[in-house]
Amino acid sequence: MDADERRDATHRRDAGFVDGNRISRASARWGTGGNSVSAPRSGAEYGRTPQKRPRGSGDLPKPVYFVSAAVPSGNRGDSRSPASSSGDLAPRATSPPAPGSLASNTVVARMMKRMNYREGTGLGRHGQGIVAPLEVIVRPKNAGLCTAEGSTGGDFEPPPSAENWPKWDEAGGAENGKRHREFDEKILARPLEEGAAEAVARVQKALARASRWSSGQGEPCYGEGTAAIAKAMARVQEESSSGTLTTAELIREFTALKEQCPREYTTYRLADAARAIAAPLLRAVFQQWEPLEDPLRGLEAVTKLKDALLDDGSAASPYAALVDDVVVGAVLASAAETWEAMDPEPMVRFLETWGDALPIPAIQRLLEQAVMPKLSAAAESWEPRWEPVPCHAWVHPWIPLLGRRLEPLVATVRCKLGNALVGWRAPRATADHDMVLPWKDAFGPAAWEEFVGRHVVPYLRQGLRAVRVTPPKQDCGFGAVMRWLSVVPARDMARLLEEEGFLGKWQDALCRWLWAARPTVAEATAWHEGWKRLLTPELLADERVRAPIEAGLQKISRATQGLESYRPPGREQHAGQASSWRYRSRRRAAFGRGGNSRH
């Protein structure tokens, strides 16, 4: 054997071929007995050079469990080669893997093996995933997910009526217990835009099917209740085709049906049929209607239909659909063209007139689509100092209806009112007070307290500084400040008077007047009483206000008795004050230089 042949034999032995057959190196090394551990696949199987086990390690390799993609795992002790323990290396015949299984895709099988996946278990950390794949269920044409089995067949089971009521068990099922209860949705479903003819035809078809099922014959056999409904539908259809059907006649027919057969009235959805028939009649009544100018038109007819159309207060009821179609649309169109937010009276009058006839969803739609947009736009463009109509006049009527939905609008008004209270002007003070006071309840306690402390108190501080007490004049602008006591609490006003020293200035002006003008007792007392009347009882109860006022009355009493109550500064007093001022100035200068020298 030459060198080339020896090299080729060595390569074939390393690759796992013996006598033309490929065997596992692990099987050759550790044996193929039933108790032996399955060895991992050779590296050559994946296109890599096999790694030789270092000699002298002495430890057995760790067992590795994996899923075979082509060979069923019958005996864990078998190697990749399907040979038996006796050494037979002949390949075993295997069935093809099932489509979609893990064994049908070796690439996916290897990926799942690396992630320690075991066949037959669910995915997830705790194996909580599904094991069986989703099954595709073939449904009949146009059948939805909620369609019951057999509902698309030829049998039709009608809803309970006066004729077949004994055959139904309210606990669940017909007498035979095998029929599936399924309404014919193609017959009983109400289209969104169903006309009068379609509504009548739908009811008649449903009645015919129910009667044929109840009688078991080919021809319909109506019972007492269904016969009355069939006759009424025939009369309504005839009068509607001839154009002689009136709203009053329609109300009379359906009200009688509702009283005679209430179960069938609900089962066959006669309220939906009444809505479809009444819609064109009411459209003719409300043609060229101006609801904000003539709110009473058609109100009586719509109110009478409320009972026949089974109004339950929801937006999906036939009555709500009819009102939304006939009334609400006309009101929205009229409000968009003719109504202004600063004139709320027409819209408020309409809502008060139709309050009992309009469902709650209809009122909410009018408020959200007609009232709120115009109110918000008007509040954004409102100028407090320039608009002739105050804001509360056209916002407050909507507070009971809109409630918390007005909070963004009220926040806008609060900001604009605060910006307007800048710069005290006595002629404007009363108008500012009348503009702010109506919002006390609308703002709420917390927001109102914050608004007063942030805007009103600084505004009144400017007003007190602008007041000049000049006896014998009475007011001098102080009454405009005291008018705000309905806005500002008495304790806050007393603190404001104390901080500004206003009552001290008032006493000084009184003493100067008593010394200079020498008024009579009656004149001085009248002037004192006039100022006292400007103060409220709550304000006079505060010690910070009551004490200066009582001291002023005592000064008047001393002046009438000839006692000295005020002495203007004379020459000696002026000299003493000047000397004292010079001394204080020298000390202030010395301390300013940081020196301790004596002057």
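Worth knowing before you read on, the calculation uses all heavy atoms, side chains too, and leaves out hydrogens, waters and symmetry mates.
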Answer yes or no: is there a donor N or O on one side and an acceptor on the other, between the side chain of Trp339 and the main chain of Asp343, under 3.5 Å? yes
Between Leu539 and Ala494 the two heavy atoms that sit nearest each other are CD1-N, 3.8 Å
Ignoring hydrogens and angles, tell me if any N or O in the side chain of Trp382 forms a donor-acceptor pair with the backbone of Val413 under 3.5 Å. no
In short, Glu538 meets Ala490 closest at the heavy-atom pair CB-CB, 3.8 Å
Distance under 6.0 Å and angle within 45° of ring axis: Arg414 vs Phe443: yes
Ile549, Val469, Leu503 screened by side chain to side chain contact (heavy atoms under 4.5 Å, CB included) with Trp531, the one that passes: Val469
Heavy atoms of Met482 and Leu535 approach each other most closely as SD-CD2, 3.8 Å
Are Asp272 and Arg202 within salt-bridge range, i.e. N to O under 4.0 Å? no
Can the ring centres of Trp448 and Trp439 be said to be less than 6.0 Å apart? no
What is the minimum heavy-atom distance between Ser334 and Glu290, and which atoms define it? OG-OE1, 3.4 Å
One should read off an interatomic distance between Leu417 CG and Cys391 SG, to the nearest 0.5 angstrom, of 7.5 Å
Spacing of CD belonging to Gln288 relative to CZ belonging to Arg297, to within rounding of 0.5 Å: 8.0 Å
Which heavy atom of Leu367 sits nearest a heavy atom of Arg405, and at what distance? CD1-NH2, 4.0 Å
Find the distance between NE2 (His528) and OG (Ser557) and round it off to the nearest 0.5 Å. 11.0 Å
Are any side-chain N or O atoms of Arg518 and backbone N or O atoms of Trp515, one a donor and one an acceptor, separated by less than 3.5 Å? yes
Where do Ala370 and Lys374 come nearest, in terms of heavy atoms and distance? O-CG, 3.7 Å
Quick one: does any side-chain atom of Lys304 pair with a main-chain N or O of Thr247 as donor and acceptor, under 3.5 Å? no
Tell me whether Tyr459 contacts the main-chain N or O of Val452 through its side chain, where contact means a donor paired with an acceptor under 3.5 Å. no
Quick one: does Glu253's side chain have a donor or acceptor within less than 3.5 Å of a partner on Val236's backbone? no
Can you confirm whether or not the ring centre of Trp506 sits under 6.0 Å from the ring centre of Phe478? no
Partners meeting ring-ring contact (aromatic ring centres under 6.0 Å, His included) with Phe254 (sequence neighbours left out): none
When you measure from the side chain of Lys306 to the backbone N and O of Asp356, does any donor-acceptor pair fall under 3.5 Å? yes
Less than 4.5 Å apart, any side-chain heavy atom of Val327 and any of Trp289? yes
I'd like to know if the side chain of Arg283 and the backbone of Val326 have a donor-acceptor N/O pair within less than 3.5 Å. no
Do the charged groups of Asp432 and Arg483 touch, with an N to O distance under 4.0 Å? no
Keeping the roles fixed (side chain from Ser381, backbone from Ala378), state whether a donor-acceptor pair exists under 3.5 Å. yes
Got a donor-acceptor contact below 3.5 angstrom from the Trp527 side chain to the Lys473 backbone? yes
More than 12 heavy atoms from other groups under 6.0 Å of NZ on Lys505: yes
In this structure, CD of Gln507 is separated from SG of Cys511 (nearest 0.5 Å) by 7.0 Å
Cationic N near anionic O, under 4.0 Å, Glu407 to Arg404: yes
Checking side-chain polar atoms at under 3.5 Å, does Asp307 have a donor or acceptor matched by the opposite partner on Tyr319? no
Within-4.5 Å side-chain heavy-atom neighbours: Asp542 and Arg546: no
Do the non-hydrogen side-chain atoms of Pro390 and Met435 ever get within less than 4.5 Å of each other? no
